[in-house]
2 protein chains.
Amino acid sequence: MMESTIKMGIVEDQILFREGIKAILKQRDNFDVIFESADGFSVIDKLEKTPLRPDVLLVDLSLPPQNKKEYSGLQLTIALAEKFPEIKVLVLSVHNDENFMTELIKNGAHGYLVKDCDPSEIFEAIVAVFEKGSYINSRTLKALQGSMIKKPKHGKKLLANISPREEEILKLTCQQFTADEIAEKLFISVKTVNGHRNNLLIKTGSRNVTGLVIFAIRNNIVQL
Amino acid sequence: MMESTIKMGIVEDQILFREGIKAILKQRDNFDVIFESADGFSVIDKLEKTPLRPDVLLVDLSLPPQNKKEYSGLQLTIALAEKFPEIKVLVLSVHNDENFMTELIKNGAHGYLVKDCDPSEIFEAIVAVFEKGSYINSRTLKALQGSMIKKPKHGKKLLANISPREEEILKLTCQQFTADEIAEKLFISVKTVNGHRNNLLIKTGSRNVTGLVIFAIRNNIVQL
DNA sequence: TGAAAAACAGGTATTTATACCTATGCTATT
DNA sequence: AATAGCATAGGTATAAATACCTGTTTTTCA
């Protein structure tokens with residue numbers, strides 16, 4: 001198996017971890033880090049401006065979802081799959097959450113790794129993604145299988161633990177009601193509605209209602 | 001990466017192919033064929049009676065489904081996953097059918113290979129399945145992703161005469177960009193963006209962006 | 001060639017949404 | 001008994017979206 005040099009990109013907001021990864025990759029001479037970024041939005045911009053694009057992009061999933069001005073790792077994955085399908089996306093995450101994995105794979109990620117994996121697995125995963133187009137380990141496969149099997153018809157209950165009340169408000173939001181109107185409908189304060197909305201934004205990693213609507217549709221909380 | 005000897009099993013009704021596989025595996029001394037069978041039912045029987053079980057079981061998917069007294073490859077996979085979950089099932093098939101793959105993976109197969117793959121890939125797949133618990137190549141992953149993503153059926157655009165520019169702005173809006181950001185991206189004024197948005201609201205009969213997003217999804221202007 | 005539509009830009013004003021706080025009563029779990 | 005999550009409600013800000021206006025320029029097309 002020949003291993004030509006793989007052009008790497010790293011998307012990671014924590015500079016320490018980013019430099020750490022770079023250092024690790026530099027130990028082997030068949031990895032060349034030619035691209036790096038600290039946040040999701042600049043990734044797309046930078047990629048559009050450069051002719052030299054990475055073969056494999058390591059993306060930190062934990063790109064801050066609490067900061068709504070940023071892409072979440074999932075959103076970035078979606079954007080990358082659409083705009084730069086030739087770039088292989090390998091997601092790094094601290095989450096061991098089934099739903100995160102499956103959402104990512106569904107939306108175009110080529111591989112998934114938890115951050116506490118064996119270092120050698122990173123090399124392995126990068127090479128696999130580069131040469132074969134994908135890397136799925138058994139843990140991820142199990143998640144995929146699980147998510148596919150429990151999909152009987154109308155059953156939802158996937159992704160992010162939305163509380164019943166939050167779901168209720170999400171539904172009404174998707175019906176184009178304003179916070180005021182929702183408050184009136186539910187006999188609660190506008191403040192409370194806004195509180196729930198803010199929680200929803202954080203939980204779903206959205207920047208605004210647009211993201212909430214898409215989330216709701218993806219998760220069958222509202223029908224099309 | 002250490003490679004201890006892997007105990008192999010082969011389930012294949014065509015004796016010629018079975019012997020062929022055995023011969024290939026014998027070329028490498030880290031594969032030890034300790035189990036073989038020509039049909040599905042006897043596999044379960046034999047496995048129940050022996051204490052020496054294979055680590056990896058190569059299963060030919062084309063096990064005859066016309067004979068109702070036989071397991072099909074799929075049924076066998078299901079039975080194996082239930083009774084012997086510790087045995088890794090690597091499916092070999094002539095079919096390149098998405099649905100076959102996904103059904104198998106859903107039901108517990110640890111890997112999928114088409115028979116005309118490169119011989120070296122068989123070794124690779126066996127080792128991967130044994131050591132990491134799974135083997136999915138890019139072709140299979142694509143099938144999995146394809147089967148999981150709910151795709152809209154109607155390809156044509158109906159409803160409302162949205163201008164190209166409006167559609168552009170609608171797309172970006174759905175990607176959670178604010179009017180400011182869209183203006184910056186398109187090198188136009190925020191006023192213009194808002195003008196387009198207002199036109200969109202009127203044309204689509206929406207009250208706010210929520211309605212725009214739903215319209216965009218319904219009309220395939222954006223993908224889910 | 002003349003009318004219509006599209007893209008563009010600007011204004012003023014109000015309404016909504018979002019960010020970031022605190023805080024309390026309730027319930028389930030450990 | 002302490003912890004955690006939820007639903008509730010409040011405050012103070014700013015950012016963004018929406019509602020109506022006015023225009024100019026270019027393109028498209030009947």
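In what follows, every chain begins at residue 1, and chains take the letters A, B, ... in the order their sequences are listed. For the numbers below, each heavy atom of this structure counts, side chains included, while hydrogens, waters and symmetry mates do not. In this text, all values refer to a predicted model and were calculated from it rather than measured experimentally.
- Taking atom CD of B/Glu168 as the reference point, atom C1' of C/dC8 lies 14 Å away to the nearest angstrom.
- Atom NZ of A/Lys185 sits in a sparse spot, with 12 or fewer heavy atoms from other residues, nucleotides or ligands closer than 6.0 Å.
- Counting to the nearest Å, the C1' atom of D/dT18 and the CD atom of A/Gln176 are 13 Å from each other.
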Check step by step if side chain to side chain contact (heavy atoms under 4.5 Å, CB included) holds for A/Tyr135 and B/Lys132. CA-CA 11 Å; A/Tyr135 176 83; B/Lys132 295 197 287 291; 3.6 Å; yes
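- Ion pair B/Lys83/B/Glu48 flagged as a salt bridge, since at least one NZ, NE, NH1 or NH2 atom sits closer than 4.0 Å to an Asp/Glu carboxylate oxygen.
- Between the side chain of A/Asn219 and the main chain of A/Ile221, no donor-acceptor pair closer than 3.5 Å is present.
- In this structure, B/Asn194 places its CG atom 14 Å from C1' of C/dT14, rounding to the nearest Å.
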Atom pairs, protein N/O to nucleotides 19-28 of chain D N/O, distance under 3.5 Å:
none

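- Rounded to a whole Å, the CD1 atom of A/Ile182 is 11 Å from the C1' atom of C/dA17.
- Atom CG of A/Asp180 is separated from atom P of C/dT14 by 16 Å (rounded to the nearest Å).
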Across nucleotides 6-14 of chain D, 5' to 3', mark each nucleotide with B, S or - according to how protein heavy atoms within less than 4.0 Å reach it. SSBBBBB--
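- The separation between B/Leu200 atom CG and C/dA6 atom P is 12 Å, rounded to whole Å.
- The residues A/Asp32 and A/Lys7 are annotated as not salt-bridged, no charged nitrogen and carboxylate oxygen being separated by less than 4.0 angstrom.
- Remark: C1' of C/dT18 and CG of A/Asn208 are 9 Å apart, rounded to the nearest angstrom.
- For the pair A/Glu184 CD and C/dT16 P, the computed distance is 11 Å after rounding to whole Å.
- The two residues B/Leu212 and B/Leu201 make their nearest non-hydrogen contact at CG-CD2, 3.8 Å.
- A salt bridge links A/Glu168 with A/Arg165: the closest approach of a Lys/Arg side-chain nitrogen to an acidic carboxylate oxygen falls below 4.0 angstrom.
- Cation-pi check for B/Arg53 over B/Phe84 is not met; the charged atom does not lie both under 6.0 angstrom from the ring centroid and within 45 degrees of its normal.
- A/Lys46 places a side-chain N or O within donor-acceptor distance of the main-chain N or O of A/Glu36, the cut-off being under 3.5 Å.
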